[in-house]
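I have placed the structure first, in the form of C-alpha cells, so that the comments after it can refer back to it.
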Amino acid sequence: MTFYYRLGHIPPKRHTQFWQPEGSLYHEELMGMQGFQGIQSLLYHLRPPTPIQEILAGDPAAIRLAPTPLLHHCHLRTATVPEGGDAIASRVPLLANRDLCLSVARPTQAMDYWYRFAPGDELIFIHSGQGQLETQFGRLTYAAGDYLLIPAGVLWRWIPMPQVPQQMLVLQVWGHLDPPPRYRNDRGQFLEHSPYCERDLRPPEALETHDEAGSFEVRVLHGGDPTQLQMTRYRYAHHPLDVVGWDGYLWPYTFNIADFEPITGRIHQPPPVHQTFAGPGLVVCSFVPRLLDYHPQAIPAPYNHANVDSDEVLYYVSGTFLSRSGIESASLTLHPRGLPHGPHPGRYETSVGQDRTEEYAVMMDTAQPLQMTPQAIALEDPDYSYRWRGPEP
C-alpha cells in the first residue's frame, strides 16, 4: 500500500467529462486491486486502452521444476549467470512454489516491447546497474540498491544504461506486496517505529504522454502458478503510454535498501526487525549496515534456529556476512524447513566483541516449500551442506 499521489492533468471530479483540446473526451481507466475494494488509481488516456489490433501468439513460459532432492541446505553461485538479452528474456528462474517465483537476471539490452505481469506484483532488487523503467504512470530511474515494486497491471519497459553492467534479483508474486501492517496505523500511515516511511518511497518522476500511431507490441505473462505461465503477445495501433494524468494510491515506486533504518538492541534481534515487505505466503527482509548488539555479554552472531514453518532464502549483496563463510557477492542460500541452521563454525565465537557490520543482503521467508529449477541445480555449490561440520581433520 502506498499513499495518495497525482501526476499530470486530471479533471476536478472523477468519472466526469474531461475534454481534450480538439474536442474529444479523454478516456478514463480505473486500475484497482481486490475488485473495487482495494487501493486504486484513475488514469486518463488519449484513446481507450482496450482496442487490440492483433493477437500475435502465445509462447509457453512455464517454470520447470526439478525433482525434489534430498533435504539439504543449498548455496547457489548466481554471479556466474551469463549476461545477455532484455530484462525479461535474461531471467533465470531458480526457486518457486505456488505463491512466487524467484529469478536472477543480467540484462544487456533495452526492451523493444511493453510487458505486464497479470497474476500479481513484481519486486525487482537492483544488485548493480542503472537505467530507467518506463510505465504508463511515468518514468522511474533506478540504480544499485533500489527495490522496484511494480503492481499487477502496470505496463512497463526496461531501458538499462548502455555499458553499465546490470544484475538483479526478481520476485514474481501471485498476489500483492505491501509494507508490513505493523508499520502502519489504521489509516495506512507509517508509524514512528517503522524503519522507513512515505518519504523514502520514490514515485514516478515524469509523465511522458505519447500520441503515436504505428505497430506497438505488448506482452502479458499470465497463469495460475509458476508452472502454468504463458506469454501472450498483442499488437496495438497506437502507443500504449498515452496517459495525460492520473491520481490514486496504486502506482509503481522505488525504495533504496540504504534508506532502511535498522532496528538494533542490547541482544541479538530476530529477523522480523529487518522485514521490508509482506505478501501472500512470504515476507521480504533487508539486512543493512548497522550497530551490533551492545549488551556487555552479547553474542552478535545469530543463534541456531530451525525453520519449522518456512523456507529461508538469503541473497548476499555485499560486505562480509557475519554468520557465513564461503559466501560471495550474488550468492543465494536456501535453508529449508526440517533442518536447523545457524552460524558456520567459528563465526559464533569470533562475533564476540564486534560492534558493527557492513553487510547488505535481501532475505525471503516463504510459507510453502520452495522447489529448485534445473538452472538452480546447475549453479549449486555441492560442499555447502557440509560446511557446518568444520574443517576436515
For the side chain of [X] and the backbone of [Y], is there at least one donor-acceptor N/O pair under 3.5 Å apart?
{"X": "Gln166", "Y": "Val164", "value": "yes"}
{"X": "Asn97", "Y": "Gln368", "value": "yes"}
{"X": "Arg106", "Y": "Val81", "value": "yes"}
{"X": "His127", "Y": "Phe125", "value": "no"}
{"X": "Glu205", "Y": "Thr141", "value": "yes"}
{"X": "Asn185", "Y": "Gln189", "value": "yes"}
{"X": "Thr209", "Y": "Val243", "value": "yes"}
{"X": "Ser90", "Y": "Gly85", "value": "no"}
{"X": "Ser329", "Y": "Val317", "value": "yes"}
{"X": "Ser24", "Y": "Gln20", "value": "no"}

Just how far is it from atom [atom1] of [X] to atom [atom2] of [Y], taken to the nearest 0.5 Å?
{"X": "Met168", "Y": "Leu148", "atom1": "CE", "atom2": "CG", "value": "8.5 Å"}
{"X": "Cys74", "Y": "Glu380", "atom1": "SG", "atom2": "CD", "value": "4.5 Å"}
{"X": "His344", "Y": "Ser323", "atom1": "NE2", "atom2": "OG", "value": "7.5 Å"}
{"X": "Asp355", "Y": "Leu291", "atom1": "CG", "atom2": "CG", "value": "7.0 Å"}
{"X": "His45", "Y": "Leu241", "atom1": "NE2", "atom2": "CG", "value": "9.5 Å"}
{"X": "Phe321", "Y": "Leu314", "atom1": "CZ", "atom2": "CG", "value": "5.0 Å"}

The criterion is side-chain contact (heavy atoms from CB on, under 4.5 Å); which residues satisfy it with Ala144, sequence neighbours excluded?
none
Nearest atoms (heavy-atom pairs only) where [X] meets [Y]:
{"X": "Ser286", "Y": "Ile257", "answer": "CB-CG1, 3.8 Å"}
{"X": "Ala96", "Y": "Leu65", "answer": "CB-CD2, 3.9 Å"}
{"X": "Arg91", "Y": "Glu122", "answer": "NH1-OE2, 2.9 Å"}
{"X": "Arg182", "Y": "Pro272", "answer": "NH2-O, 2.5 Å"}
{"X": "Pro119", "Y": "Leu221", "answer": "CD-O, 3.4 Å"}
{"X": "Cys285", "Y": "Pro271", "answer": "SG-O, 3.9 Å"}

With a 4.0 Å cut-off, would you call Asp381 and Arg387 a salt bridge?
yes
[X] side chain to [Y] side chain, donor-acceptor N/O pair below 3.5 angstrom:
{"X": "Thr254", "Y": "Arg202", "answer": "yes"}
{"X": "Tyr196", "Y": "Thr276", "answer": "no"}
{"X": "Glu198", "Y": "Tyr5", "answer": "no"}

Determine which pairs satisfy ring-ring contact (aromatic ring centres under 6.0 Å, His included) with at least one residue from residues 66-113, sequence neighbours left out, and list them in order.
His73-His335, His73-His341, His73-Trp388, His75-Tyr384
So, do [X] and [Y] sit near enough that their side-chain heavy atoms are less than 4.5 Å apart?
{"X": "Pro336", "Y": "Pro369", "value": "no"}
{"X": "Trp251", "Y": "Leu7", "value": "no"}
{"X": "Tyr360", "Y": "Val288", "value": "yes"}
{"X": "Ile88", "Y": "Met231", "value": "yes"}
{"X": "Ile299", "Y": "Tyr348", "value": "yes"}
{"X": "Leu370", "Y": "Leu100", "value": "yes"}
{"X": "Thr366", "Y": "Ser310", "value": "no"}
{"X": "Arg98", "Y": "Trp174", "value": "no"}

Can you tell me if [X] has over 12 outside heavy atoms packed within less than 6.0 Å of its [atom1]?
{"X": "Arg14", "atom1": "CZ", "value": "no"}
{"X": "Arg356", "atom1": "CZ", "value": "yes"}
{"X": "Ile267", "atom1": "CD1", "value": "no"}
{"X": "Arg64", "atom1": "CZ", "value": "no"}
{"X": "Tyr386", "atom1": "OH", "value": "no"}
{"X": "Glu22", "atom1": "CD", "value": "yes"}
{"X": "Glu212", "atom1": "CD", "value": "yes"}

Start with the C-alpha distance between Lys13 and His15, add both sets of side-chain angles, then the distance that settles side-chain contact (heavy atoms from CB on, under 4.5 Å), and finish with yes or no.
CA-CA 7 Å; Lys13 193 171 181 63; His15 315 323; over 6 Å; no
The residue among Tyr4, Tyr26, Phe137 that forms ring-ring contact (aromatic ring centres under 6.0 Å, His included) with Trp246 is Phe137
Pair Tyr44, His9 - check ring pair (Phe, Tyr, Trp, His ring centres under 6.0 Å), show working.
CA-CA 8 Å; Tyr44 294 87; His9 304 290; over 10 Å; no
Out of curiosity, does [Y] fall in the hydrophobic cluster containing [X] (side-chain heavy atoms, cut-off under 4.5 Å, transitive links)?
{"X": "Tyr142", "Y": "Leu169", "result": "yes"}
{"X": "Trp114", "Y": "Tyr236", "result": "yes"}
{"X": "Leu149", "Y": "Phe255", "result": "yes"}
{"X": "Ile124", "Y": "Val220", "result": "no"}
{"X": "Ile63", "Y": "Val104", "result": "yes"}

Measure up the Trp156 and Tyr115 rings against each other and bin them: parallel (under 30°), tilted (30 to 60°), perpendicular (over 60°).
perpendicular
Can you list the residues that meet the salt bridge (charged side-chain N to carboxylate O under 4.0 Å, His left out) rule with Glu54, with sequence neighbours excluded?
Arg235
Met31/Gln136 under side-chain contact (heavy atoms from CB on, under 4.5 Å): CA gap, chis, key distance, verdict
CA-CA 11 Å; Met31 185 179 294; Gln136 74 266 54; 3.4 Å; yes
List the steps, then state whether side-chain contact (heavy atoms from CB on, under 4.5 Å) holds for Thr333 with Val313.
CA-CA 6 Å; Thr333 58; Val313 176; over 6 Å; no
Apply side-chain contact (heavy atoms from CB on, under 4.5 Å) to residues Leu191 and Tyr183 and explain how you reach the verdict.
CA-CA 6 Å; Leu191 294 164; Tyr183 293 167; 5.9 Å; no
